[in-house]
Amino acid sequence: MKLYSYFRSSAAFRVRIALNLKQLNCEIIPVHLVKNGGEQHAPAFQVLSPRGEVPCLVDGDVVLSQSMAILDYLESKFPSPKLTGATYQERARVIELSEMINSGIHPVQNLKVLQKLEKDFFSKDEQKESWARHWIEDGFTAFEKRLEQSSGKFCVGDSISWADIYLVPQVFNAKRYKVNMEKFPKIADIDSRCMQMAEFIKADPMHQVDTPSELKSKP
Ligand SMILES: N[C@@H](CCC(=O)N[C@@H](CS)C(=O)NCC(=O)O)C(=O)O
């Protein structure tokens with residue numbers, strides 16, 4: 001298997017965590033989202049990922065973009081450990097929480113959206129940061145409320161699920177945009193529990209093959 005990834009991409013971080021939890025070997029192929037205007041715009045890459053986004057997984061003839069589709073593919077092909085909850089009710093809760101991030105928070109603070117704000121509306125770095133922070137805090141407020149009903153040690157009960165896999169990379173972005181995590185104690189608690197696990201540490205943006213040396217730290 002091959003995963004097209006970018007060290008700082010929170011969507012690729014999700015898939016790296018799932019691959020590690022399922023103990024799967026996968027070749028990482030870096031796609032630099034910024035250098036030379038962004039390698040994601042290369043026509044050859046867009047054959048694999050039509051929206052020009054990472055992650056993109058290639059497994060034999062199967063080529064998939066969209067982290068949710070990739071996680072679902074891995075879940076079906078490699079069912080252990082199960083990452084979608086123990087019951088159908090838990091599975092629905094896992095997807096609800098994952099979607100709060102996947103379709104609610106992440107798209108409005110994605111690179112191409114921030115670049116559009118700069119290009120068409122002349123937004124400065126502080127304005128783009130403030131925009132990203134607003135939407136992350138808005139989404140985390142709802143996520144934190146839902147955790148009051150669903151969480152145990154992790155987002156849904158005491159087992160790791162996709163909800164944690166979506167949450168941890170979003171917290172990485174939140175810190176980058178200076179969100180005050182003290183406002184979200186349950187989220188912060190689950191994030192720090194996950195980030196003590198080898199599978200999450202190995203997937204961390206600061207430990208990737210394409211992490212620039214000045215940012216790289218040892219796992
Ligand atoms: N919903 C997609 C989001 C993928 C996505 O937005 N990836 C970002 C990096 S986190 C990207 O490749 N952006 C390229 C760009 O903005 O030009 C998924 O879950 O895979």
Side-chain angles (χ1 to χ4, degrees), residues 1-21 26 28-59 62-75 83-84 94-121 123 125 128-129 131-133 135-136 139 143 155 161-177 179 200 203-212 215:
M1 275 192 297
K2 292 180 188 168
L3 179 70
Y4 290 80
S5 172
Y6 177 58
F7 76 102
R8 218 196 308 251
S9 157
S10 59
F13 187 1
R14 300 165 186 165
V15 176
R16 296 195 301 258
I17 298 166
L19 288 166
N20 295 341
L21 288 167
C26 186
I28 300 285
I29 304 185
V31 178
H32 203 297
L33 297 187
V34 184
K35 200 168 67 186
N36 300 327
E39 293 174 353
Q40 72 276 30
H41 304 299
F45 180 65
Q46 297 206 348
V47 171
L48 302 173
S49 174
R51 275 180 60 86
E53 293 172 349
V54 292
C56 177
L57 185 86
V58 178
D59 183 25
V62 178
V63 181
L64 284 171
S65 63
Q66 296 297 331
S67 59
M68 184 66 82
I70 297 171
L71 294 194
D72 188 58
Y73 176 81
L74 295 176
E75 198 62 25
L83 298 175
T84 50
V94 165
I95 293 174
E96 180 199 45
L97 286 164
S98 303
E99 279 299 323
M100 278 190 194
I101 292 170
N102 190 38
S103 59
I105 302 175
H106 178 266
V108 278
Q109 50 96 97
N110 199 0
L111 176 65
K112 63 179 90 175
V113 171
L114 300 181
Q115 285 174 337
K116 182 85 176 158
L117 288 175
E118 182 177 333
K119 185 165 169 278
D120 291 4
F121 304 104
S123 302
D125 285 349
K128 288 187 289 173
E129 264 187 17
W131 165 274
R133 196 163 47 242
W135 292 114
I136 296 170
F143 201 99
C155 287
S161 72
W162 290 351
D164 308 288
I165 290 176
Y166 275 83
L167 180 61
V168 168
Q170 191 58 55
V171 172
F172 174 83
N173 281 355
K175 290 179 181 162
R176 189 171 168 209
Y177 293 119
V179 170
F200 284 75
D204 186 314
M206 295 305 124
H207 305 149
Q208 300 309 302
V209 281
D210 57 332
T211 309
L215 297 177

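Residue numbers start at 1 and run along the sequence shown. Start at 1 and go down the list; that is how both ligands and their atoms are numbered.
Q208 contributes atom CD, which lies 6.5 Å from atom CD1 of I28 (distance to the nearest 0.5 angstrom). Atom CD of Q40 and atom OG of S9 lie 10.0 Å apart (nearest 0.5 Å).
The residues lining ligand 1, counting any heavy atom closer than 4.0 Å, are S9, S10, A11, R14, L33, Q40, G52, E53, V54, P55, Q66, S67, N102, H106, N110, L111, K112.
For E96, the side-chain hydrogen bond (donor to acceptor under 3.5 Å, both in side chains) partners at least two apart in sequence or on another chain are R93, R146.
Side-chain polar atoms of R16 and S5 form a donor-acceptor pair below 3.5 angstrom.
The side-chain contact (heavy atoms from CB on, under 4.5 Å) with P30 is formed by just one residue from the set L3, D210, T211, V54; it is D210.
Note: F13 and F172 have perpendicular aromatic rings, judged against thresholds of 30 and 60 degrees for the angle between ring planes.
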